[in-house]
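So you know, we letter chains A, B, ... as the sequences are listed, proteins then strands, and number each from 1.
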Protein chains: 2
Amino acid sequence: MDGMGIDDVAVQMGVSKHTLRYYEREGLLPPVAKAANGHRRYTDDDLGWIRFLQLLRATGMPIREMKEFVDLAHAGEHTVADRVAVLTHYREALVTRMAQDRDHLEHLDRKLEYYEGVLAAANAVPEDITRSVRA
Amino acid sequence: MDGMGIDDVAVQMGVSKHTLRYYEREGLLPPVAKAANGHRRYTDDDLGWIRFLQLLRATGMPIREMKEFVDLAHAGEHTVADRVAVLTHYREALVTRMAQDRDHLEHLDRKLEYYEGVLAAANAVPEDITRSVRA
DNA sequence: CCTTGACTTCGAGTGCACTCGAAGTCCTAC
DNA sequence: GTAGGACTTCGAGTGCACTCGAAGTCAAGG
């Protein structure tokens, strides 16, 4: 039989076996083919789906809405416009978050600069003390 | 008495009153001063802390580690180097996430382009059908 | 034959970060 | 003086996304 076992898929895709079964249970993944012994065999299509799901998750989409999206995809071509709408929505949320992250990074760097200053001062103080002791 | 009430702080900082009390309980916020009637009065320093906590959260730091950080800050100047280490760690995690986000955005845009193509084709098909019917 | 080990299903448990509700207190306005 | 409403504490509940463990099945190796 062709296809990969769940263990290989888990390693290759960087998710746990538990998560793979969980996604399937939740309907995010179409029912995966089973070998004669009942073991899952993942096709390349399955792998593609998993990659896509990972992308959706990475955009911040919750499982519930991912399921809705998957159902739309399953419903056929007439849902493409809806799917574009959903994706566009999360695209915008992602762009917003990216802007916020840039902002947060800037703030963080300012904090770090401040701390570096404190650190430099702390290193300088002993010298001053030395000098004052010497004086 | 000076300082703001919890309601104003919640509105101004964009967090719920529940969360403000929760943060205080968890030791993320130093014990906030209380008016004679037991109501919390937030000083400007408190507001500054809250803003800082929001920054830490935004970098992806979990509550538990925020508490550790706060404890370090409370412990005095000799912990500055440790604090810099923690902040630097989360700074790097943030930078990594930002890079991943750029990557995700690119993938998402490719998906969207693909879908736009499908949509354009779907709009084109009826014309073709019309033509074939006419022929 | 029987142990080993990886798979299966199923429901239950975990960790996180809130979020809520009950019960009580205290000022304000009528 | 009492009804209303916002505050207080405290412990319990929620939602999310896994994560785990028990119990069973199956194929291969010794």
Side-chain angles (χ1 to χ4, degrees), chain A residues 1-43 46 49-70 90 93 97 104, chain B residues 1-43 46 49-70 90 93 97 104:
Chain A
M1 291 294 140
D2 53 9
M4 303 170 72
I6 194 170
D7 225 342
D8 293 337
V9 174
V11 170
Q12 187 172 323
M13 306 303 285
V15 294
S16 74
K17 292 180 284 185
H18 283 303
T19 300
L20 283 172
R21 287 189 282 250
Y22 166 69
Y23 277 12
E24 193 177 336
R25 252 189 291 167
E26 295 298 311
L28 298 189
L29 224 45
V32 173
K34 305 283 182 66
N37 58 9
H39 294 196
R40 285 173 179 76
R41 306 263 70 193
Y42 292 84
T43 65
D46 291 329
W49 259 113
I50 294 167
R51 255 186 290 273
F52 183 49
L53 292 176
Q54 288 183 314
L55 174 60
L56 295 186
R57 284 292 293 127
T59 66
M61 194 184 293
I63 298 289
R64 179 179 29 79
E65 192 151 1
M66 282 170 67
K67 170 149 179 51
E68 287 171 27
F69 189 93
V70 167
Y90 279 97
R97 271 217 319 286
H104 295 321
Chain B
M1 290 292 145
D2 53 7
M4 303 169 70
I6 194 169
D7 225 342
D8 293 337
V9 174
V11 170
Q12 186 171 325
M13 305 303 285
V15 295
S16 74
K17 292 180 283 183
H18 283 305
T19 300
L20 284 172
R21 287 188 282 251
Y22 167 69
Y23 276 13
E24 194 178 336
R25 255 190 289 168
E26 295 297 310
L28 298 189
L29 224 46
V32 173
K34 304 284 182 64
N37 58 7
H39 293 195
R40 285 174 178 75
R41 306 262 70 192
Y42 291 84
T43 65
D46 291 329
W49 258 114
I50 294 166
R51 255 186 291 274
F52 183 48
L53 292 175
Q54 288 183 315
L55 174 61
L56 294 186
R57 284 293 294 126
T59 67
M61 193 183 294
I63 298 289
R64 179 180 31 77
E65 192 151 2
M66 283 170 66
K67 169 148 180 53
E68 287 171 27
F69 189 94
V70 168
Y90 279 97
R97 272 218 320 284
H104 295 322

Tabulated below should be each protein N or O lying under 3.5 Å from an N or O of nucleotides 25-30 of chain C; please produce it.
none

Comparing B:Gly60 and A:Gly5 on DNA chain C - which has the more 5′ nearest nucleotide: A:Gly5
Ring-ring centroid check B:Phe52 B:Phe69, cutoff 6.0 Å: yes
Which atom of A:Val32 lies closest to which atom of A:Arg41, heavy atoms considered: CG1-O, 3.3 Å
Non-hydrogen atoms of A:Leu20 and A:Leu29 that approach each other most closely: O-CD2, 4.3 Å
Contact nearer the 5' end of DNA chain D, comparing B:Ile6 with B:Arg25: B:Ile6
OG1 on B:Thr59 to NE2 on A:His104, rounded to 0.5 Å: 8.5 Å
Pairing residues for B:Glu24 by the salt bridge (charged side-chain N to carboxylate O under 4.0 Å, His left out) criterion, not counting sequence neighbours: B:Arg40
Nearest heavy-atom neighbours spanning A:Lys17 and A:Asp7: CD-OD1, 3.7 Å
Nearest non-hydrogen partners of B:Met66 and B:Leu56, listed with the distance: CG-CB, 4.0 Å
Minimum-distance pair of heavy atoms, taken over all atoms of A:Gly27 and A:Val70: O-CG1, 3.6 Å
Distance-minimising heavy-atom pair for A:Glu26 and A:Lys67: O-CD, 2.9 Å
Spatial distance of atom CD1 (B:Ile63) from atom CG (B:Leu28) [nearest 0.5 Å]: 5.0 Å
Touch class at under 4.0 angstrom, heavy-atom based, for A:Arg40 against every strand present: sugar-phosphate
DNA chain D contacts among residues 61-70 of chain B, heavy-atom distance under 4.0 Å: none
Residue whose closest nucleotide on DNA chain D lies nearer the 5' end, A:Tyr22 versus B:Gly38: B:Gly38
Donor-acceptor pair, side chain of B:Arg57 and main chain of B:Met61, under 3.5 angstrom: yes
Side-chain donor/acceptor of A:Arg64 to backbone N/O of A:Glu68, under 3.5 Å: no
Residues touching DNA chain D, which here means a heavy atom under 4.0 Å, drawn from residues 50-57 of chain A: A:Arg57
For atom NZ of A:Lys17 and atom P of C:dG5, their distance in whole Å: 13 Å
B:Tyr22: partners by ring pair (Phe, Tyr, Trp, His ring centres under 6.0 Å), with sequence neighbours left out: none
5' to 3' contact window, DNA chain D with chain B (heavy-atom distance under 4.0 Å): D:dC7 to D:dG11
